Amino acid sequence: MTENLTPTDPPERRDFIREIVAADVAAGRVTAPVTRFPPEPNGYLHIGHAKSICLNFGIAQEFGGRCNLRFDDTNPEKEEQEYIDTIQRDIRWLGFEWGEHLHFASDYFEQLYGWATHLIAGGLAYVDDQSPDEIRETRGTLTAPGTDSPWRNRSVEENLDLFARMRAGEFADGQHVLRARIDMASPNLNMRDPTLYRIRHATHHRTGDAWCIYPMYDFAHPLKRFLLRLVTEGRVRGWDDPRMPTISGLRRRGFPAEGIRNFATAVGVAKSDSTHEVELLDHEVRDVLNRTSPRRFGVLDPLKVVVTNWPDGRVETMDVVNNPEDPSAGTRGVPFGRELWIEREDFAEVPPPKFFRLAPGREVRLRNAYFITCDEAIKDAEGRVVELRCTYDPATRGGDAPDGRRPKATLHWVSAAHAVPAEVRLYDHLFVRPDPGADGDLFADLNPASETIVPEAMLEPSLAEAPLGQTVQFERLGYFAPDTDSRPGALVFNRTLTLKDSWARLQARA
RNA sequence: UGGCGCGUGGCUCAACGGUAGAGCACCUGACUCUGGAUCAGGGGGUUCCAGGUUCGAAUCCUGGCGCGCCAGCCA
C-alpha cells in the first residue's frame with residue numbers, strides 16, 4: 001500500500017473548501033481526506049487544470065490524505081493514450097504524485113452498467129427510441145416545459161431487455177439511449193430526463209471493443225474544444241506551443257512549476273467561476289525566476305562595437321556573477337575582445353532626455369568588464385549606424401573605477417569572436433482581447449504578432465550547451481528557455497517573460 | 001420571460017451581525033555594476049439600487065437592476 005502523503009504546512013489563510021475539510025477532521029468525521037483529480041484524456045492539461053491539481057493534491061498533502069488520479073475516459077471517439085501519458089507527465093512535473101491511486105472510469109464500466117440496471121429496475125430510467133433531434137425538440141426551452149417521450153412508460157421488463165440488447169450490440173449508434181426518468185417539466189434543463197447511456201460502436205483506447213455503450217458525464221468545460229481547434233487547424237505549433245495556456249506550453253516557454261503552484265495559491269479558491277489577470281501569473285513566475293535563474297549575456301539586436309585601443313587578437317576572460325540574488329551560484333568566465341556586440345537600442349546618436357545609455361562622447365559600463373566611451377558612430381550609405389568606435393579604460397577592469405566614478409548605465413555585451421548565434425522566439429498574447437471569440441469568431445481575435453522570430457541573436461559562448469529545462473535570464477532583457485526545437489549548432493530560445501522595464505514604460509507614456 | 005450562481009478600490013478576491021482589507025497594477029522616495037530586484041511610503045471604495053429587520057448590515061429579509069452558466073446521444 002502507498003502511504004498517505006506527509007502533511008505539509010497549511011497556507012496562512014484557508015479557503016472555504018479547506019475550512020470544511022479542517023472542520024471534518026476536527027470533528028472526527030474523517031481522519032485524512034481523499035481528493036481526486038478527474039481529467040478527461042481528450043487533450044492537454046491547461047492552466048485551469050493546474051489550479052485544480054494544486055487544490056486537490058495540495059489539500060491531500062496538507063491534511064495527510066491522498067489524491068486519486070482518475071481518468072474520465074467515457075468517450076472512445078475523442079480520447080487517446082497519448083493524452084493519458086502527457087497528463088501524467090504534466091502532473092508529475094508540477095510536483096505532485098498519486099502513487100498507486102491511478103484509476104480509469106473505464107475500469108468501472110461493468111459496475112456502472114450494474115447501477116444503470118438497478119435504476120431501470122427501480123423505475124428511474126428508461127430506454128428511449130427517439131432520435132437525437134426528437135429528443136432535442138421535446139426537451140422544451142428555457143421558458144417552456146418539455147414533453148414526455150412516448151417510450152417513457154415502458155415496462156421495467158422491456159427496458160431491461162432493451163438495455164441488455166443495447167450492450168449486446170444489437171442496435172446501431174443512435175437507435176436507442178438510456179435516460180433517467182426525472183421530470184420533463186423541470187425548470188432546470190439538466191433535470192429533463194438526462195441521457196445516461198448512448199450507443200457507440202467505436203474502439204476504446206483501453207477497453208477495445210468490449211463495449212458498444214458508454215456512460216455520460218455531467219461536467220462542463222469551456223476551454224477544451226477551444227484549444228483543440230487551435231491545434232487541429234494549425235494556428236499554433238501544437239499542444240505545447242509556448243503561447244498555449246497548457247501546462248506543456250508553459251513548461252516549454254520556460255515557466256517553472258513552482259511559479260505555477262504559487263499562482264494557484266495566490267488566486268485561491270472562490271465559489272464562483274473566476275478569471276485572473278495574466279499579470280499575476282507573470283508576477284509569480286518572475287518571483288521564482290529572479291531567485292533561481294542563472295544570468296547570461298545575450299544580444300537580440302546586435303550592434304558592432306570596436307574597442308580601438310584594445311590590442312588586436314587579445315582576449316581576456318572576465319569573471320561574471322551568475323546570480324546576484326544567490327551568491328552560492330558563483331561566477332563564470334566570459335571572453336572579452338576587441339570586437340563586441342551590444343544591443344542596438346542601447347545606443348542613441350541623439351539621446352532623448354533621461355536616456356542614460358551609450359551616445360557619442362558618453363561613457364558607460366560594460367557589465368563586469370570595462371568602462372567604454374563612444375568616440376564615433378559609423379554609418380552605411382542609408383545613414384544607418386552599423387558600428388561604434390569606442391575606447392576602453394584599462395583601469396576599470398571588472399567594472400569599478402579607482403577614482404570612484406560611476407556611469408549611469410551598465411550594458412550587457414558579447415564578444416563577437418566568441419558569440420554563438422541563436423534563433424530567439426518572442427511571444428505576446430495569443431489573442432488581442434481578454435475574451436476571445438466573444439463576437440463569435442475565435443480566429444478573428446488571434447493576435448497576428450503573437451510570435452516574433454529573431455533569426456540571429458548573439459549569445460555568450462556558455463549558452464552553446466544550454467540544457468533543456470533550464471530557464472536563464474538574459475541580463476536586462478528577460479527570462480529565456482531553450483526550446484525543444486533547439487539543437488547544438490542551431491540553438492532556439494523562447495522568451496519566457498521580459499523583465500520589468502521602467503524605461504519602456506516611460507517611452508510608452510511619451 | 002425558467003433554474004442555479006454572482007454583484008466589495010483599475011483587476012482578482014477576503015471580510016461568515018461589530019472600525020471595509022489583501023495580492024496584482026499604479027505613483028513617490030531610498031538603494032543598486034541589470035532603467036531589473038529589494039525596501040519604505042502613497043493615492044484610490046456611497047460594498048449595484050431601494051426598502052426592511054437590528055443598538056449595529058458588505059453580511060440577514062423583500063423587491064428591483066445587472067452579469068455569468070444551463071436546452072450534446074461531449075466531458
Side-chain angles (χ1 to χ4, degrees), chain A residues 13 15-16 19 38-43 72-75 77-79 105 128 130-133 135-146 173-179 185-192 194-200 213-222 224-225 266-284 286-287 290-291 295 297 320-321 323-325 346 354-357 364-369 371 396 398-401 406-412 434 473-478 498-507:
Chain A
R13 203 172 58 201
D15 51 75
F16 77 101
E19 294 278 6
E40 184 199 4
N42 70 342
D72 277 346
D73 54 346
T74 59
N75 186 344
E77 292 170 328
K78 295 189 176 174
E79 294 152 6
D128 195 347
Q130 293 184 111
S131 70
D133 283 347
I135 287 180
R136 178 156 21 85
E137 283 158 16
T138 56
R139 188 167 355 245
T141 68
L142 293 176
T143 52
D173 288 5
Q175 205 174 332
H176 298 283
V177 85
L178 184 72
R179 289 229 259 170
S186 170
N188 185 342
L189 262 24
N190 302 318
M191 303 305 264
R192 319 246 259 230
T195 302
L196 265 24
Y197 264 87
R198 78 284 203 189
I199 300 171
R200 276 289 169 280
I213 56 173
Y214 293 92
M216 307 278 296
Y217 268 79
D218 56 6
F219 297 138
H221 214 133
K224 287 178 181 167
R225 276 167 298 181
V267 299
V269 182
K271 289 172 188 167
S272 55
D273 290 348
S274 53
T275 56
H276 302 275
E277 291 188 310
V278 292
E279 283 81 356
L280 184 54
L281 210 211
D282 293 352
H283 172 264
E284 298 292 347
R286 283 198 184 95
D287 188 56
N290 179 48
R291 293 196 323 265
R295 271 56 171 176
F297 292 155
V320 179
V321 293
N323 187 347
E325 306 289 321
D346 282 340
K354 296 200 174 172
F355 181 90
F356 303 140
R357 290 115 94 163
V364 298
R365 171 168 40 225
L366 294 182
R367 174 143 235 237
N368 288 285
F371 291 5
T396 57
D400 287 303
R406 290 156 59 168
K408 293 199 79 170
T410 300
L411 310 186
H412 59 280
Q473 184 192 105
F474 289 1
E475 294 221 23
R476 304 206 305 134
L477 297 179
T498 60
L499 254 26
K500 292 213 272 187
D501 184 348
S502 56
W503 168 250
R505 257 208 318 265
L506 263 180
Q507 281 185 312

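Bear in mind the structure is a predicted one, so any value in this text is a computation, not a measurement. Throughout, a chain's letter reflects where its sequence line sits, starting with A, and its residues are numbered from 1.
Of the possible donor and acceptor atoms, none in the side chain of R139(A) sits under 3.5 Å from a partner among the backbone N and O of P194(A). Without hydrogens or angle criteria, R198(A) side chain to G174(A) main chain gives no donor-acceptor distance under 3.5 Å. D73(A) places a side-chain N or O within donor-acceptor distance of the main-chain N or O of A105(A), the cut-off being under 3.5 Å. The main-chain N or O of E475(A) is never found under 3.5 Å from a side-chain atom of R295(A) such that the two would form a donor-acceptor pair.
Note on K354(A): every side-chain N or O is 4.0 Å or more away from OP1 and OP2 of G35(B). The phosphate of A75(B) has OP1 or OP2 within less than 4.0 Å of a side-chain N or O from R198(A). Proximity of S502(A) to the phosphate of G35(B): no side-chain N or O atom is located under 4.0 Å from OP1 or OP2. For R139(A) and C73(B), the shortest distance from a side-chain N or O to OP1 or OP2 is below 4.0 Å. For U34(B), the OP1/OP2 oxygens have no side-chain nitrogen or oxygen of H412(A) closer than 4.0 Å. Residue R200(A) places at least one side-chain N or O under 4.0 Å from the OP1 or OP2 atom of C74(B). When the side-chain nitrogen and oxygen atoms of K500(A) are compared with OP1 and OP2 of A25(B), one or more of them lie within a distance under 4.0 Å. Phosphate proximity of A75(B) to T74(A): present, with a side-chain N or O under 4.0 Å from OP1 or OP2.
Rounding to whole angstrom units, CG of residue D73(A) and P of C74(B) are separated by 15 Å. We find that CD1 of I199(A) is positioned 12 Å from P of C74(B), with the value rounded to whole Å. Remark: C1' of U34(B) and NZ of K408(A) are 16 Å apart, rounded to the nearest angstrom. Rounded to whole Å, the distance from CD on E475(A) to C1' on U32(B) is 13 Å. Here A75(B) presents its P atom at 10 Å from CD of E77(A), a figure rounded to the nearest Å. For R286(A) and U38(B), the CZ to C1' distance is 16 Å, given to the nearest whole Å. Taking atom CZ on R476(A) and atom C1' on U34(B), their separation rounds to 7 Å, with Å as the unit. Here the P atom of nucleotide C26(B) and the CG atom of D501(A) are 12 Å apart, to the nearest Å.
The separation of A14(B) from C60(B), taken at their P atoms, amounts to 14 Å, rounded to a whole angstrom. If you take atom C1' in G66(B) and the same atom in C24(B), they sit 26 Å apart, rounded to whole Å. Comparing the P positions of C16(B) and G63(B) gives an interatomic distance of 25 Å, to the nearest angstrom. When the P atom is compared between A57(B) and C70(B), the two are found 38 Å apart, to the nearest whole Å. For the P atoms, the distance from C55(B) to A15(B) is 26 Å, rounded to whole Å. With both ends at atom C1', the span from G41(B) to U53(B) equals 43 Å, rounded to whole Å. Of the C1' atoms belonging to U12(B) and A25(B), the separation is 11 Å, rounded to the nearest Å. Using C1' as the reference atom, A37(B) and A30(B) are 14 Å apart when rounded to the nearest Å.
An anti base is found at G63(B): its glycosidic angle is more than 90° from 0.
C6(B) and G66(B) make up a base pair, with Watson-Crick or G-U wobble contacts both under 3.5 Å. Using the Watson-Crick or G-U wobble rule with both distances under 3.5 Å, G51(B) pairs with C61(B). The base-pairing partner of C31(B), taking Watson-Crick or G-U wobble contacts with both distances under 3.5 Å, does not exist among the strands shown. Checking U12(B) for Watson-Crick or G-U wobble geometry (two distances, each under 3.5 Å) identifies A22(B) as its partner.
Here the shortest heavy-atom pairing between F371(A) and P407(A) reads CZ-CD, 3.4 Å.
A donor N or O paired with an acceptor N or O is found under 3.5 Å between the base of G36(B) and the side-chain atoms of E325(A).
Comparing U32(B), C73(B), U34(B) by their closest approach to the side chain of R406(A) singles out U32(B). Here the side chain of D287(A) is nearest to one of C73(B), U38(B), U34(B), namely U38(B). Candidate nucleotides U38(B), U34(B), G72(B) were compared by shortest atom distance to the side chain of M216(A), and G72(B) ranks first. Among the nucleotides G35(B), U34(B), A75(B), the one closest to any side-chain atom of W503(A) is G35(B). Closest to the side chain of R357(A), out of U34(B), G35(B), A71(B), is G35(B). For L280(A), whose side chain is taken as the heavy atoms from C-beta onward, the closest listed nucleotide among C73(B), C24(B), C70(B) is C24(B). Relative to the side chain of P132(A), the nucleotides A71(B), C73(B), C74(B) differ in distance, and C73(B) lies closest.
Not counting sequence neighbours, H412(A) has no partner by the ring-ring contact (aromatic ring centres under 6.0 Å, His included) test.
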### Task
Evaluate the criterion side chain to side chain contact (heavy atoms under 4.5 Å, CB included) for residue pair V177(A) and I135(A); output intermediate values, then yes/no.
CA-CA 10 Å; V177(A) 85; I135(A) 287 180; 4.0 Å; yes
### Message
Working note: T410(A) + R367(A), criterion side-chain hydrogen bond (donor to acceptor under 3.5 Å, both in side chains); need CA distance, chi angles, decisive distance, verdict.
### Response
CA-CA 6 Å; T410(A) 300; R367(A) 174 143 235 237; over 6 Å; no
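Using a 4.0 Å heavy-atom criterion, one finds that P324(A) contacts the bases of the nucleic acid, with or without backbone contacts as well.
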